[in-house]
Amino acid sequence: MKGSVVLGIILLGAVASYGQSTVFRGRPSVKVSEGGLERFPERVDSMATNLECVISEIDGKFYWASRENVLMRRVESGAFITYVAANAAGYVRTYLFTAVDLGQE
């Protein structure tokens, strides 16, 4: 079976602008390789600088800018935001932060 790679991402910041904006930029702390029924989490802090993740929003649609602009779907559930690649290549999950969480109250 062909496995896929999933990245757990830590939020580093977001930038807003008109029309096109970077909604997420981060580096993974955990890589999860999946091969059917098994999952293999692996800490990747040491190589995270080479694995930066960028997600952009253009005209209300989300794109995995750091992966050849793959179309993504945004799903909010509980304390998480998950961006799922339309081609099933993977997903990016991050915490749903608020201004209070970030100390900007």
Side-chain angles (χ1 to χ4, degrees):
M1 255 190 224
K2 184 176 179 182
S4 63
V5 176
V6 179
L7 302 176
I9 305 293
I10 295 177
L11 178 68
L12 293 183
V15 179
S17 64
Y18 182 75
Q20 177 178 347
S21 64
T22 299
V23 295
F24 179 82
R25 180 181 300 271
R27 293 192 186 118
S29 58
V30 177
K31 174 178 122 178
V32 179
S33 297
E34 296 188 25
L37 300 175
E38 300 179 49
R39 300 179 87 190
F40 305 100
E42 172 187 357
R43 299 283 304 172
V44 293
D45 295 329
S46 62
M47 60 181 179
T49 55
N50 297 330
L51 300 173
E52 184 174 51
C53 175
V54 180
I55 298 174
S56 299
E57 181 180 9
I58 303 170
D59 298 327
K61 294 184 179 180
F62 297 95
Y63 297 90
W64 203 340
S66 54
R67 292 244 182 131
E68 300 178 359
N69 286 321
V70 170
L71 182 64
M72 301 190 88
R73 185 172 54 99
R74 178 184 164 129
V75 178
E76 286 188 30
S77 180
F80 298 99
I81 299 173
T82 305
Y83 296 93
V84 183
N87 65 1
Y91 64 89
V92 176
R93 177 171 285 154
T94 185
Y95 296 105
L96 179 60
F97 288 104
T98 65
V100 173
D101 297 331
L102 298 174
Q104 299 175 0
E105 182 178 41

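Predicted, not measured: the structure shown is a model, and the values here were computed from it.
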(message) Assigning hydrophobic clusters by single linkage (Ile, Leu, Val, Met, Phe, Trp, Tyr; side-chain heavy-atom cutoff under 4.5 Å), is Met72 placed with Val23?
(response) yes

(message) Going by the rule ring-ring contact (aromatic ring centres under 6.0 Å, His included), which residues pair with Tyr63 if we only count those two or more places apart in sequence or in a different chain?
(response) none

(request) Of all the heavy-atom pairs spanning Ala85 and Val70, show the shortest one and how long it is. (result) CB-CG1, 3.9 Å

(request) Kindly give the heavy-atom pair with the smallest separation between Pro28 and Val44, and that separation in Å. (result) O-CG2, 3.8 Å

(message) Can you list everything that forms a salt bridge (charged side-chain N to carboxylate O under 4.0 Å, His left out) with Glu76? Sequence neighbours excluded, please.
(response) Arg74

(request) Kindly work out whether a path of hydrophobic side-chain contacts (I/L/V/M/F/W/Y, heavy atoms less than 4.5 Å apart) joins Val75 to Phe24. (result) no

(request) With Arg93 as reference, evaluate Thr82, Val84, Ile81 under the side-chain contact (heavy atoms from CB on, under 4.5 Å) test and give the passing residue. (result) Thr82

(request) Answer with yes or no after comparing the ring centroid distance for Tyr91 and Tyr83 against a 6.0 Å cut-off, counting only values under it. (result) no

(request) State the CZ-SG distance between Arg27 and Cys53, to the nearest 0.5 angstrom. (result) 11.5 Å

(request) State, with a plain yes or no, whether a side-chain heavy atom of Arg43 is found less than 4.5 Å away from one of Val30. (result) yes

(request) Decide whether Val54 and Leu71 are clustered together by the hydrophobic rule: side chain heavy atoms of Ile, Leu, Val, Met, Phe, Trp, Tyr closer than 4.5 Å, transitively. (result) no

